[in-house]
Amino acid sequence: MTQRETICALASAPGRAGVAVIRISGPGAGDALRQLCGPPPPPRQASLRKIKSPGTGEVLDRGLALWLPGPASFTGEDIAELHIHGGRAVVGRVIDALTSLRGVRLAEPGEFARRAFENGRIDLTEVEGLADLVAAETEAQARQAIAQAEGGARALYESWREELVKAHALAEAGLDFADEADVAADAAVQADAAVAKLLTAISMHLKDRGGERLRDGFRVVIAGPPNVGKSSLLNALARRDAAIVSEEAGTTRDVIEVHLDLRGLPVIVTDTAGIRAAQGAVEAEGIRRTLARVEDADLVLWMVDATAPEESSAPIQASSEPMRVLNKIDLVHSAPNAGLSAPLSAIRLSAKTGEGVSELVDILSKHAEEGLAVGEPAVITRARHRAELEAAAQALRRFRGERGGPEIKAEELRIAARHLGRLTGRIDVEEVLGAIFSEFCIGK
Ligand code: GDP
């Protein structure tokens with residue numbers, strides 16, 4: 001292997017802070033430490049040092065130095081860390097001092113995690129778990145991410161891959177002993193039984209979408225005719241403690257979302273354009289997007305005005321029956337007969353006074369709890385995992401099907417094993433790496 005470059009980066013968040021952590025990884029990490037603050041301290045022990053410019057000897061800051069020699073480090077390489085004062089200028093000067101050293105450069109996004117993967121310290125599902133952990137907004141998301149970062153998914157997928165390799169060996173044995181009919185038949189039966197068992201396990205795993213929902217958030221869409229109070233309800237929800245105001249990339253202007261943390265569960269509530277016969281092209285586009293959102297939603301709230309409840313059922317296509325919400329009940333208190341034609345099962349609230357909003361939040365959190373995989377040890381968290389598992393399952397189904405001779409069937413097991421291998425990154429992964437590591441920020 002060629003001598004790798006040494007990389008450095010700010011590992012903590014940029015901006016003003018009490019402490020900033022600068023990470024250095026690679027063969028030159030120990031030398032970099034020596035040049036800035038003297039001989040490395042004993043491994044894994046913090047040491048208070050003056051950090052000096054290697055050129056001029058000027059003191060840049062005083063901070064903690066840590067020495068984490070490889071291979072038992074996060075990246076598997078020698079790592080040094082400097083915990084310094086978190087001011088922009090201080091951090092900038094220390095980074096400049098480091099990158100002025102020969103063979104030391106600024107890290108690219110995700111490069112530390114990539115080195116950890118390339119040095120076999122973590123597999124791809126663990127890398128993804130780390131990315132999710134950094135991005136987690138709620139307690140349940142953080143729990144799921146840590147389970148994955150700690151190798152929960154890796155253990156399961158690797159055990160499946162081992163089963164598959166065994167089945168493959170049996171299928172190959174069947175080919176090798178093709179002229180000894182008994183042996184061949186016996187091996188084929190065993191291989192088929194092993195594949196059947198595996199296929200059942202993978203199919204069950206694929207059925208559960210709770211892990212992906214937990215990672216992405218349980219999606220609730222508020223739909224209904226114009227002026228019934230959809231935006232008002234979203235605003236009422238956004239003002240509550242549970243709202244996480246996050247600026248999600250890709251949020252369109254006409255579809256507004258609020259991220260709620262309901263008892264540790266992520267719930268994303270979206271307000272949509274009112275549904276009615278469109279008056280113009282812009283409105284028609286808004287309605288088209290609304291309908292698309294409704295189709296993707298885990299739960300649809302169909303809102304109507306309590307003072308003018310329309311009789312027809314919701315004119316939308318949703319994966320589950322929309323839940324009816326009767327808004328503006330503050331107006332019907334004074335007119336007790338109004339709104340009686342609405343179904344009794346509707347949730348009654350007033351986005352204006354806040355009456356009934358807590359009850360709605362309780363109902364949403366109950367639905368989220370049922371729809372999300374909370375505390376399950378290994379679940380599918382990403383479309384990438386689902387795609388690989390589906391491809392593996394398809395190959396296993398073809399193996400079990402009627403068509404194809406034994407050689408072709410053995411090849412199906414090889415295909416399935418390759419897809420499982422791509423999940424953890426054991427084989428053939430170059431093209432998926434870029435996509436995964438590009439999610440990280442610099443310093444991770
Ligand atoms: P949207 O078009 O469905 O998003 O409806 P808006 O949230 O813009 O509300 C339409 C009108 O109804 C506004 O004038 C709101 O102030 C009013 N409104 C919304 N919710 C309530 C409510 O619970 N009670 C009363 N009295 N008025 C409401």
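Atoms within each ligand, like the ligands themselves, are counted from 1 in listed order. What's counted below: heavy atoms across the whole structure, side chains too, no hydrogens, waters or symmetry copies.
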query: With respect to atom 18 (N) of ligand 1, which of Met303, Lys328, Lys352, Lys230 exhibits the smallest heavy-atom separation?
result: Lys328
Between Glu128 and Thr381: side-chain donor-acceptor atoms closer than 3.5 Å: no
query: Can you find a side-chain donor-acceptor pair between His419 and Gln394 that sits under 3.5 Å?
result: no
- prompt: Considering only heavy atoms, which of Ser231, Gly224, Ser232 lies nearest to atom 19 (C) of ligand 1?
  reply: Ser232
- prompt: With no hydrogens and no angle check, do the side chains of His367 and Glu369 hold a donor and an acceptor under 3.5 Å apart?
  reply: no
message: Suppose I only count heavy atoms of Ser350 and a 4.0 Å limit; which atoms of ligand 1 are within that range?
response: 22 (C), 23 (O), 24 (N)
Distance-only N or O hit between ligand 1 and Gly229, under 3.5 Å: yes
message: Within ligand 1, which atoms have a heavy atom of Leu331 less than 4.0 Å away?
response: 26 (N)
task: May I have the step-by-step check of side chain to side chain contact (heavy atoms under 4.5 Å, CB included) for Leu36 and Val94, ending in yes or no?
output: CA-CA 9 Å; Leu36 265 70; Val94 173; 4.2 Å; yes
- line: Paired with Glu388, the salt bridge (charged side-chain N to carboxylate O under 4.0 Å, His left out) test is passed by just one of Arg422, Arg161, Arg418, Arg382, namely Arg422
- prompt: Going by distance alone, is a donor N or O of one side chain under 3.5 Å from an acceptor N or O of the other, for Thr125 and Thr424?
  reply: no
message: So for ligand 1, is Asn327 a polar contact partner (N or O within less than 3.5 Å, distance only)?
response: yes
message: Given Ala351, Ala223, Gly356, identify the one with the heavy atom nearest to atom 23 (O) of ligand 1.
response: Ala351
- request: State whether the shortest distance between N or O atoms of Leu349 and N or O atoms of ligand 1 falls below 3.5 angstrom.
  value: no
